[in-house]
Amino acid sequence: MVKITLPDNSVREFEGPLSVCDIAADISPRLAKDALAGRINGKLVDVTTTIDKDTPIEIITFKSDPETALDLMRHSCAHVMAEAICRLYPAAKLVYGPTVENGFYYDIDLDEPISSDDFEKIEAEMANIVKDNQPFTRIDMPRAEAMKKLQAEGNRYKTENAQRASGDTLSFYMTGTNGSAFEDLCLGPHIPATGKIGAFKIMSVAGAYFHGDAKEKMLQRVYATAFADKKELNQYLTQLEEAKKRDHRVLGKQLELFAIDETVGQGLILWKPNGSVVRQELQDFISIELRKQGYSQVFTPHIGRLGLYKTSGHFPYYQDSQYPPLIDSDQMGLLAEEGCSCAELAGRMQEGEIDGYLLKPMNCPHHIKIFASERYSYRDLPIRLAEFGTVYRWEQSGELSGMTRVRGFTQDDAHLFCTEDQLADELKGCLELVQTVFETLGMNDFTVRVSLSDPESDKYVGDPENWKKAEQACREGAASLGVPFTEEIGEAAFYGPKIDFVVKDVLGREWQLGTIQVDYNLPERFDLTYIGADNTPHRPVMLHRAPFGSMERFVGVLIEHFAGAFPLWLAPEQVRVMPISEKMNEYGESVLKRLQAAGLRCTLDDADDKISAKIKRAHVMRLPYMLIVGQKEQEENTVTVRVRGSKEQRTMQASEFVTAAAAKYNVRELNLEI
RNA sequence: GCCAGCGUGGCUCAGUGGUAGAGCUCCCGCCUUGUAAGCGGGUGGUCGUCGGUUCGAAUCCGACCGCUGGCUCCA
């Protein structure tokens, strides 16, 4: 019998065995979970239990309430995995084993490396534990007693975990019965017994620092997942396989979009002709929007003198994430004669004794200097300077990933210089631009993050009052979007807070794309002014914004978003003309010429192949339109159109198709109906 | 950068110490084609690099380079 006292002091009794659903019939599933965990609304509730020793208190079947129960089952499975690993590797010290999206992991301190070859035997041991159907039992212990016990066991990680936990009581969960029992410090709750665990699979093992601190010891993190049954597990695994096929690195090769060559360098993207079409179309699209919003296009060099970055604050403080400075060859020769060491050189550059150039890690200083090159009145503001600016950053090798994390990338950057009064309107304009981008591309699945400074950290520069104003502007801007947003402490840029737009890739990893940043700092550092109505100099406020973020990352994410099947306006090749036989090549050529004249990107597949082979090839390349031309079409001056994603086709006048396709190209539509 | 795994023709991969393989691509020829790969032939690889062990290394060991998954980081 489980007796639960609810916050309103009413008492509910339940006969075991019962499930979340049983409880949820009376109260909510969430409440049921919390009740079983001994907590409701943060307050302890009275969970009285057990008619006899064999009836565990927490009886939940995962099938009743999929979301909550699956999570519970996975967490219980984490305990089972931990137990299995401890049996197989007695030296293993358990650290922490939470559930995550799609599964769970357990961090383990063990010198002997666990490899994927070991998964099978761990799974076999887990299967034994599941088969034994061992009950989970909660043991509540007064804090002092629990700490004593943990210290005696000598696992520093568990002791530290316990120290972090709040409350007078600490709970342990025991799997199995005394004698063969496995025990772990845990908040709970758990499923009643291991037998309720469905299908599970160990997915991978990776290194992870204790407490996420790079100075701490690296632990082994074993990732696994569990589902109600084998069928659901297999479904998930299949889904994962499918997702991998949409990976932009896979499609990048298949669709000939981009390449990375180690002799060129890690994290440096070579845009192939097909990828370049996508990029160019996106740039054109943004450029048109910028003209509408009153931006001015500028161009600036890829390097700048060290002094520029000393003023901005990037040198020497962000040296680790930049390529080392360039030095001119005359100076290099002199230094060589002097026998100057690298360490000396670095020091002398910092001191300003030796000049050098930095590959620009961002475009702001250059744009600031364009603003500073003229004397502006308040009447001239806002000034909006836009550039597709290529920047270089020295990302750690292990962080590089396809197009989404690279060392050289082009931001669709702009800097807006305005008065404080204009800030809210300018911010709104930037937000609208980002929304236009997402809407045009049908990307509805993004999250908004307001990135704030961390008062504890010293990496943020500038006046706290200005930070307050800037952060408030970001909050209000984000709120005006009408979509939920989160506030993240410590995610701000060193010069100001941001509104970031974040999307997930096919493997569930989050990437920041668009960003809008409010900056009171750099105008200060560069002593920027405009002349106010009172005929005295005033400090402008700066906005940094990039609706795509970077062309590389954005296109990488976009490839996955469309699974390579770009809408017509972005498709590298839009139409392919496919004659049935060699005899129709001439007619095909004439159709091709008309498509080309209409400005469409098209080719003729005049290979000596059957039409089915030509269709297969075009299909693999995700061609929006295939135009099949044979005897019949030639005679009637028509084309048979096969639209991507459909096996149906329709025959129409060639001129009709050309006009319709060209019109569609111009409006940047997502659908291919014609 | 850290932990683990991986690295074989342009691509996808097989090959566990004994003469480097397959399919696709590509080239040549045949077929002249009506809706997701027609047939035959051919080119192409000092098995990431360097070193070691061995009579003998794609295969075992080490270092380095690169990639993948995580961690850390991301102005």
Side-chain angles (χ1 to χ4, degrees), chain A residues 100 105 107 110-111 113-118 203-223 244 247 249-250 253-254 256 259-263 265-267 309 312-315 317-322 360-365 391 393-402 404-407 409 451 459-461 491-496 498 500 507 509 511-512 515 517 519 521-522 544 549-550 553 578-585 607-620 626 628-633 640 642 647-649 651:
Chain A
V100 289
Y105 66 78
D107 279 350
L110 174 66
D111 292 333
I114 295 175
S115 89
S116 51
D117 297 337
D118 303 318
M203 303 299 288
S204 62
V205 59
Y209 300 109
F210 183 49
H211 288 160
D213 181 351
K215 290 182 201 79
E216 271 284 3
K217 179 163 186 181
M218 184 153 269
L219 310 164
Q220 299 195 63
R221 176 169 294 179
V222 184
Y223 282 91
K244 281 182 185 160
D247 189 313
R249 292 164 298 190
V250 174
K253 263 185 200 151
Q254 195 181 326
E256 299 166 16
I260 299 170
D261 187 299
E262 64 175 280
T263 54
Q266 287 180 278
Y309 300 104
S312 73
H314 289 95
F315 189 86
Y317 303 109
Y318 289 93
Q319 243 183 122
D320 288 349
S321 43
Q322 289 159 187
K360 61 179 178 188
M362 80 297 306
N363 302 298
C364 0
V391 300
R393 300 179 187 179
W394 187 261
E395 307 292 357
Q396 295 186 74
S397 59
E399 292 157 352
L400 299 170
S401 177
T404 46
R405 189 79 186 267
V406 292
R407 285 188 174 157
F409 54 97
S451 300
K459 78 173 205 187
Y460 304 101
V461 297
E491 289 288 316
F494 77 98
Y495 50 73
K498 315 187 282 175
D500 292 326
L507 298 178
R509 293 177 291 206
W511 298 103
Q512 179 202 308
T515 180
Q517 312 174 357
D519 180 9
N521 263 303
L522 291 180
H544 311 236
S550 83
R553 179 174 291 180
M578 310 192 305
I580 293 286
S581 86
E582 235 171 20
K583 292 171 191 156
M584 256 55 75
N585 281 352
D608 289 348
D609 273 317
K610 286 169 63 172
I611 194 68
S612 53
K614 296 184 184 188
I615 289 172
K616 173 73 180 179
R617 272 200 294 274
H619 175 79
V620 167
M626 306 180 203
I628 293 158
V629 295
Q631 184 79 36
K632 191 178 60 171
E633 285 80 1
T640 294
R642 193 172 159 135
K647 282 186 182 170
E648 285 173 34
Q649 54 204 355
T651 303

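Just so we're on the same page: letters track the sequence lines, and every chain starts at 1.
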Problem - Distance between P atoms of B:rG15 and B:rC60 (Å, rounded) - result: 12 Å
Mind listing the N/O atom pairs, protein and nucleotides 5-12 of chain B, below 3.5 Å?
from   : atom 1 : to     : atom 2 : distance (Å)
B:rU12 : OP1    : A:K253 : NZ     : 3.3

Practice task
Not counting sequence neighbours, which residues clear ring pair (Phe, Tyr, Trp, His ring centres under 6.0 Å) with A:Y223? List them please.
Solution key: A:Y105
Problem - A:Y317 atom OH, over 12 foreign heavy atoms within 6.0 Å - result: no
Problem - Rounded C1' spacing from B:rC2 to B:rU72 in Å - result: 8 Å
Problem - Pairwise P distance for B:rG18 and B:rC31, with rounding to whole Å - result: 46 Å
Exercise for the section: Can you sort out the partners of A:E399 under salt bridge (charged side-chain N to carboxylate O under 4.0 Å, His left out), two or more places apart, ordered by chain and number? Expected result: A:R405
Exercise for the section: Could I get the full list of salt bridge (charged side-chain N to carboxylate O under 4.0 Å, His left out) partners for A:D117, not counting sequence neighbours? Expected result: none
Handout entry: Complementary nucleotide for B:rC47 - Watson-Crick or wobble, under 3.5 Å
Key = none
Exercise for the section: May I ask which nucleotide in the shown strands pairs with B:rC60, Watson-Crick or G-U wobble, both distances under 3.5 Å? Expected result: B:rG52
Exercise for the section: Could you tell me which residues satisfy salt bridge (charged side-chain N to carboxylate O under 4.0 Å, His left out) with A:K498, sequence neighbours excluded, listed by chain and number? Expected result: A:D500
Handout entry: Heavy-atom side-chain proximity of A:I260 to A:V406 below 4.5 angstrom
Key = no
Practice task
Describe the nucleic acid contact of A:E256 in one word from base, sugar-phosphate, nothing, applying a heavy-atom distance below 4.0 Å.
Solution key: nothing
Handout entry: ring pair (Phe, Tyr, Trp, His ring centres under 6.0 Å) against A:Y209, all qualifying residues, sequence neighbours excluded
Key = none
Handout entry: Atom pair distance, as rounded to whole Å: CD1 in A:I628 and P in B:rU33
Key = 16 Å
Handout entry: Note, A:S204 side chain near A:R221 side chain (heavy atom, < 4.5 Å)
Key = no
Problem - P spacing across the pair B:rC30 / B:rU46, given as an integer number of angstrom - result: 33 Å
Exercise for the section: For nucleotides B:rG48 and B:rA58, find the distance between their P atoms and express it as a whole number of Å. Expected result: 10 Å
Problem - A:Y318 side chain reached by A:R393 side chain, heavy atoms, under 4.5 Å - result: no
Fill in the blank from the handout: Within residues 578-585 of chain A, those residues having any heavy atom closer than 4.0 Å to RNA chain B are A:I580, A:S581, A:E582, A:K583
Practice task
Using Watson-Crick or G-U wobble geometry with both distances below 3.5 Å, tell me the partner of B:rG5, or none.
Solution key: B:rC67
Completion exercise
Taken to the nearest whole Å, CG/A:D609 to C1'/B:rU25 is 12 Å
Fill in the blank from the handout: Going 5' to 3' through nucleotides 68-75 of chain B and flagging B where a protein heavy-atom sits under 4.0 Å of the base, S where only the sugar-phosphate is that close, and - otherwise, we get SBBBBBBB
Handout entry: Nucleotide paired to B:rC13 in any strand shown, Watson-Crick or G-U, under 3.5 Å
Key = B:rG21
Handout entry: With sequence neighbours excluded, residues passing ring pair (Phe, Tyr, Trp, His ring centres under 6.0 Å) with A:H544
Key = A:H415, A:Y495
Handout entry: Min side-chain heavy-atom separation A:L400-A:R407 under 4.5 Å
Key = yes
Problem - Integer angstrom distance from the C1' of B:rC61 to that of B:rU16 - result: 15 Å
Fill in the blank from the handout: From NZ of A:K632 across to P of B:rU33 the rounded distance in Å is 16 Å
Handout entry: Gap in Å between the two P atoms, one belonging to B:rC28 and one to B:rU19, rounded
Key = 35 Å
Exercise for the section: Round to a whole Å and report the spacing from NZ of A:K244 to C1' of B:rC13. Expected result: 16 Å
Practice task
Quick one: look up who B:rC27 pairs with, Watson-Crick or G-U, both distances under 3.5 Å, and put none if it's unpaired.
Solution key: B:rG41
Exercise for the section: Could you state the atom-to-atom distance from CZ of A:R642 to P of B:rU35 in whole Å? Expected result: 10 Å
Exercise for the section: State which residues pass salt bridge (charged side-chain N to carboxylate O under 4.0 Å, His left out) with A:K253; sequence neighbours excluded, sorted by chain then number. Expected result: none
Practice task
Quick one: label A:Q254 by what it contacts on the DNA or RNA (base, sugar-phosphate, nothing), any heavy atom closer than 4.0 Å.
Solution key: nothing
Fill in the blank from the handout: Per atom distances to the A:Q266 side chain, the nearest of B:rU35, B:rC67, B:rC31 is B:rC67
Handout entry: Under 3.5 Å donor-acceptor, A:R553 side chain and A:Q512 backbone
Key = yes
For nucleotides 41-45 of chain B, which of its nitrogen or oxygen atoms have a protein nitrogen or oxygen under 3.5 Å away, and what is each distance?
none

Exercise for the section: Measure the distance from CD on A:Q319 to C1' on B:rG1 and round it to the nearest whole Å. Expected result: 17 Å
Handout entry: Any side-chain heavy-atom pair of A:K244 and A:V250 under 4.5 Å
Key = no
Completion exercise
Hits for side chain to side chain donor-acceptor pair (under 3.5 Å) against A:R642, two or more places apart or cross-chain, chain-then-number order -> none
Practice task
Starting from P on B:rG48, measure out to CG on A:D261 and report it in whole angstrom.
Solution key: 17 Å
Handout entry: Distance, C1' atom - from B:rA57 to B:rC39, rounded to whole angstrom
Key = 40 Å
Practice task
Examine distances only and state if a side-chain atom of A:Q322 and a backbone atom of A:P361 form a donor-acceptor pair shorter than 3.5 Å.
Solution key: no
Practice task
Using atom CD1 of A:I611 as one end and atom P of B:rU32 as the other, report the distance to the nearest whole Å.
Solution key: 17 Å
